[in-house]
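Here is the structure we will look at, set down as structure tokens.
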Amino acid sequence: MKGPLNKQLETWSKTAPISMHVPGHKNATIGDLSYVNGKHDITEITGFDDLHHAEGVLKESMQMIQRHEDYDAFYLVNGTTSGILSVIHAFCNVPGDVIMARNVHKSVFNALDLGHQRASILPTEVDNDTLQYVKPILSPSHLYCGKLAVLTYPNYYGQTFDIQSTIQHFHQHHIPVLVDEAHGAHFDIQGFPNSALNYGADYVVQSFHKTLPSLTMSSVLYIHKKAPQRDIVTHLLQTFQSSSPSYLLMASLESANGFYQSYQSDYFFEHRTKVIQALQEKHLSLTQVDDPLKLLIHHPALSGYELQQLMEAEHIYVELADEKHVLWILPLWHEGDTFPMNALLHRIRQLNLPHSINNQRLMPNVLYKEEGVYMPDVFDRVRDVHYLDAEGAILAQHLIVYPPGIPTLLKGEKMNASMIKLIDYWHKRGLRVEGLSEGKIKVKDD
């Protein structure tokens, strides 16, 4: 008897869905997923090594991932999250603060909580076009107490910044750097941005599954050969990952690496041009960001959520929508792929879009940009209070705006007038905000 999930998957697959979202294999139409076979779902039997003490075939497989000679690559079968947790937790007994921008992944906060580590939050620049966090604003006042810097590069929308000078800035003050390059596993391919691996970051973690043809949850952590806390991090990878790692996930990482090493991008850019032309013929506007794999699409008479609904009516599934845009993550098209390109172009032409192009929708900033402090404290006593009455109170729960789902106002931060003004905007616009319910937020009860 088939359960609800299997029934839903079957129903969905019968619609011939087109993926403009992760994972990078795009419904098994990009790359080679022939290794995905139930008979290959094995355990650590003779001849197949042990991920947590790799000496044989898995060690050899990981050594094939040679992005830069200064780094060793480690397979992650619990996603990029497990790499982030391992690196940050390795510094829990080192004096000082973790230094980070406001656009770090929620796993960073989980790591800080586990190790009871305090963080110094850098003021973070918001882009005028996407209104997403892009880069930290560096300040000497944050450096004297820093023990580890955590940077997100690129952001979810495919925007980058000068990662080289930022890493150099921290290294000049003897602060090691972890780069969350989850959305940059394809970086360094011709025509795409450079990876932080070129600039000496101590740790770089990439979600292969987001942009390369590997299975969901398969990622790689690169550790610099001279990285501080290196041995502790490699030990913690056992703590934060399954003791029964999936050989299908690891095989998919090996296959995706082979895909990356031989990839030629000319075919991709030819197809990308065709897609852009088809979108523009429908009077859709595009914001082209630093990463060519990402496209931000908008229509002047529609919100991003409305545009998403119209695309999904044609069974084109997007990565996300915000008030103004939908975000597409394009396939890494290649010779011999089975991606339904003609069907995509046809469905774009079939989109039932309004003819009006004059109703310009403004997208005001919904993110808090200022510096702050994150406290990993667990508050024994909390109370609900209306946000308008919260000035001076200590937040007891993150406030997270969706999308992009990044904690914006953080547990442990002291509420001020600017924060209240921002929450007031969220509330009046009816935005989805985790931690805000019927106008109330949780604060520390003194």
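What you are looking at is a predicted structure, and each value in this text was computed from that prediction instead of being measured.
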Q. Given the rule in the side chain to side chain donor-acceptor pair (under 3.5 Å) test, do His183 and Glu181 qualify, once you have shown the distances and angles that lead to the verdict?
A. CA-CA 6 Å; His183 284 262; Glu181 202 169 87; over 6 Å; no
Closest non-hydrogen atom pair, [X] against [Y]:
{"X": "Ala256", "Y": "Leu212", "value": "CB-CB, 4.1 Å"}
{"X": "Asn257", "Y": "Arg67", "value": "OD1-NE, 4.3 Å"}
{"X": "Val220", "Y": "Ala73", "value": "CG1-CB, 3.9 Å"}
{"X": "Ile189", "Y": "Ser265", "value": "CG2-CB, 3.9 Å"}
{"X": "Val204", "Y": "Ala196", "value": "CG2-CB, 4.2 Å"}
{"X": "Ser214", "Y": "Tyr35", "value": "CA-OH, 4.2 Å"}

Side-chain H-bond candidate by donor/acceptor type, [X] with [Y], under 3.5 Å:
{"X": "Asn37", "Y": "His40", "value": "no"}
{"X": "Thr130", "Y": "Gln159", "value": "yes"}
{"X": "Asp113", "Y": "Tyr374", "value": "yes"}
{"X": "Asp32", "Y": "His25", "value": "no"}
{"X": "Thr29", "Y": "Thr338", "value": "no"}
{"X": "Asn194", "Y": "Tyr153", "value": "no"}
{"X": "His171", "Y": "Asp202", "value": "yes"}
{"X": "Gln308", "Y": "Glu312", "value": "yes"}
{"X": "Asp162", "Y": "Ser165", "value": "yes"}
{"X": "Thr211", "Y": "His186", "value": "yes"}
{"X": "Glu125", "Y": "Tyr133", "value": "no"}

[atom1] of [X]: more than 12 outside heavy atoms within 6.0 angstrom?
{"X": "Asn93", "atom1": "CG", "value": "no"}
{"X": "Lys135", "atom1": "NZ", "value": "no"}
{"X": "Glu60", "atom1": "CD", "value": "no"}
{"X": "Lys225", "atom1": "NZ", "value": "yes"}
{"X": "Phe269", "atom1": "CZ", "value": "yes"}
{"X": "Lys282", "atom1": "NZ", "value": "yes"}
{"X": "Asn352", "atom1": "CG", "value": "no"}

With a 4.5 Å cut-off on side-chain heavy atoms, are [Y] and [X] touching?
{"X": "Arg272", "Y": "Leu330", "result": "yes"}
{"X": "His298", "Y": "Thr287", "result": "yes"}
{"X": "Leu122", "Y": "Ile137", "result": "no"}
{"X": "Lys442", "Y": "Phe379", "result": "no"}
{"X": "Phe170", "Y": "Leu151", "result": "yes"}
{"X": "Ile121", "Y": "Glu413", "result": "yes"}
{"X": "Leu112", "Y": "Val98", "result": "yes"}
{"X": "Ser219", "Y": "His209", "result": "yes"}

Q: Quick one: do Val108 and Asn110 satisfy side-chain contact (heavy atoms from CB on, under 4.5 Å)? Show the steps, please.
A: CA-CA 5 Å; Val108 173; Asn110 292 336; over 6 Å; no
Main-chain N/O of [Y] paired with [X] side-chain donor or acceptor, under 3.5 Å:
{"X": "His325", "Y": "Ala321", "value": "no"}
{"X": "Lys106", "Y": "Pro407", "value": "no"}
{"X": "Ser19", "Y": "His21", "value": "yes"}

Q: Go through the steps to decide whether Tyr75 and Ser61 satisfy the test side chain to side chain donor-acceptor pair (under 3.5 Å), and finish with yes or no.
A: CA-CA 9 Å; Tyr75 286 164; Ser61 182; 2.5 Å; yes
Q) Gln132 and Asn103: side chain to side chain donor-acceptor pair (under 3.5 Å), yes or no, with the steps? A) CA-CA 9 Å; Gln132 297 299 310; Asn103 63 337; over 6 Å; no
**Q.** Point-to-point distance, once rounded to the nearest 0.5 Å, from OH of Tyr157 to CG of Asp129
**A.**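 Rounded to the nearest 0.5 Å, the OH-CG separation comes out at 12.5 Å.
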Q) Rounded to the nearest 0.5 Å, what separation is found between the OG1 atom of Thr124 and the CD atom of Glu370? A) 9.5 Å
Q. With under 30° as parallel and over 60° as perpendicular, where do the rings of Trp333 and Phe339 fit, or are they tilted in between?
A.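 Perpendicular.
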Q: Name the orientation class of the two ring planes belonging to His68 and Tyr71 (parallel below 30°, tilted from 30 to 60°, perpendicular beyond 60°).
A: perpendicular
Q. What residue among Tyr263, Phe259, Phe268 forms ring-ring contact (aromatic ring centres under 6.0 Å, His included) with His334?
A. Phe259
Q: Output, in order, the C-alpha distance, side-chain angles, deciding distance and verdict of side-chain contact (heavy atoms from CB on, under 4.5 Å) for Tyr247 and Leu249.
A: CA-CA 5 Å; Tyr247 277 80; Leu249 290 178; over 6 Å; no
Q | Criterion side-chain contact (heavy atoms from CB on, under 4.5 Å) on Leu148 and Val150, from CA distance to verdict | A | CA-CA 7 Å; Leu148 174 70; Val150 181; 4.2 Å; yes
Q) Less than 4.0 Å between a side-chain N and a carboxylate O, is that true for Glu10 and Lys2? A)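 A salt bridge links Lys2 with Glu10.
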Q. Between Tyr203 and Arg230, is there a cation-pi geometry (under 6.0 Å to ring centre, at most 45° from the normal)?
A. no
Q. Passes side chain to side chain donor-acceptor pair (under 3.5 Å), Glu319 versus Tyr156? Steps please.
A. CA-CA 10 Å; Glu319 177 68 13; Tyr156 207 140; 2.6 Å; yes
(Q) Pair Asn78, Ser242 - check side-chain contact (heavy atoms from CB on, under 4.5 Å), show working. (A) CA-CA 7 Å; Asn78 285 65; Ser242 171; 3.9 Å; yes
